[in-house]
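Take a look at the structure set out below.
Small disclaimer: the values here were computed from a predicted structure and weren't measured. Computed over heavy atoms, backbone and side chain alike; hydrogens, waters and symmetry mates excluded.
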Amino acid sequence: MNRKTGSSDADQRTLHEVYLWPFARSVEAGVGSIMCSYNRLNGTFACEDDYTMNTVLKGELGFKGFVQSDWAATMSTTPSVNAGLDMTMPGDITFESGDSYFGPNLTKAVNDHEVKEERVTDMATRIVAAWYKMGQDKG
């Protein structure tokens, strides 16, 4: 699938009645991270989809963990971060390039007032909280 043109489209009712249940059960079970994908959802890249990540996942489902991208599924800095993406994987825009949508680009977005500092604090808190919740600080 061409990730620049393909889109999985579903209205809100279908999303809630059919597709959301496995994610709701995962949140209830205490999962620490959920991954956004390469494809588009209703025309928006999944890792830039404010409705699914902020409104539904973090809002309606009360997800306290972090959202990470599939490897190389991040397509931007400001749209992705403001839409709820907390961690980009593997970090590079293209594999082994040494550049990133996060890092210096995220710092610039905060300095340019495109991303609120509180949002970056939320990102870090979600990641570190999941690390502790899963006992990664032990052993």
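- Taking CG from Leu41 and OH from Tyr51, the interatomic distance works out to 11.5 Å, rounded to the nearest 0.5 Å.
- We find the OG1-CD distance between Thr77 and Glu114 to be 8.5 Å, quoted to the nearest 0.5 Å.
- Screening residues 84-139 for disulfide (SG to SG under 2.5 Å) gives no qualifying pairs among residues at least two apart or on separate chains.
- Listed by first and then second residue, the disulfide (SG to SG under 2.5 Å) pairs that reach into residues 18-52 are Cys36-Cys47, sequence neighbours excluded.
- Residue Thr52 holds its OG1 atom at 9.0 Å from CG of Asn42, rounded to the nearest 0.5 Å.
- Residues passing the salt bridge (Lys or Arg N to Asp or Glu O under 4.0 Å) test with Arg119 are Asp86, Asp122, sequence neighbours excluded.
- Applying the disulfide (SG to SG under 2.5 Å) test to residues at least two apart or on different chains, none of the pairs has a partner in residues 51-96.
- For the salt bridge (Lys or Arg N to Asp or Glu O under 4.0 Å) test, no residue two or more places apart in sequence or in another chain qualifies with Asp137.
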Review item, side-chain donor-acceptor pairs of residues 62-70, under 3.5 Å, at least two apart:
unit_1 : atom_1 : unit_2 : atom_2 : d
Gln68  : OE1    : Ser33  : OG     : 3.4
Ser69  : OG     : Thr74  : OG1    : 3.1
Ser69  : OG     : Met89  : N      : 2.8

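- With sequence neighbours left out, the side-chain contact (heavy atoms from CB on, under 4.5 Å) criterion links Ser76 to Glu48, Pro79, Ser80.
- One hydrophobic cluster holds both Met123 and Val110 under the rule that ILVMFWY side chains link at heavy-atom gaps under 4.5 Å.
- Residues Phe102 and Leu85 meet the side-chain proximity criterion, which asks for heavy atoms closer than 4.5 Å.
- Considering every non-hydrogen atom in both Ser100 and Thr88, the closest pair reads OG-CG2, 4.1 Å.
- Remark: Leu20 CG to Arg25 CZ distance equals 9.0 Å, nearest 0.5 Å.
- The closest side-chain heavy-atom distance from Ile34 to Val27 is below 4.5 Å.
- Thr44 places no side-chain N or O within 3.5 Å of a backbone atom of Asp49 that could act as its donor or acceptor partner.
- A heavy-atom distance below 4.5 Å is found between the side chains of Val115 and Asn82.
- Atom CD of Glu117 sits in a sparse spot, with 12 or fewer heavy atoms from other residues, nucleotides or ligands closer than 6.0 Å.
- Listed by chain and residue number, nothing satisfies the salt bridge (Lys or Arg N to Asp or Glu O under 4.0 Å) test with Lys133 (two or more places apart in sequence, or in another chain).
- Among residues two or more places apart in sequence or in another chain, the salt bridge (Lys or Arg N to Asp or Glu O under 4.0 Å) test is passed with Glu118 by none.
- Taking CG of Asp99 as the reference point, atom OG1 of Thr94 lies at 5.5 Å (rounded to 0.5 Å).
- Ser26 meets the side-chain contact (heavy atoms from CB on, under 4.5 Å) test with Val31; sequence neighbours excluded.
- The two residues Ser7 and Gly43 make their nearest non-hydrogen contact at OG-N, 2.8 Å.
- Its side chain within the 4.5 Å cluster rule, Tyr132 clusters with Val128, Trp131 among the Ile, Leu, Val, Met, Phe, Trp and Tyr residues.
- Sorted by first and then second residue, the pairs that involve residues 101-111 and meet side chain to side chain donor-acceptor pair (under 3.5 Å), not counting sequence neighbours, are Lys108-Asp112.
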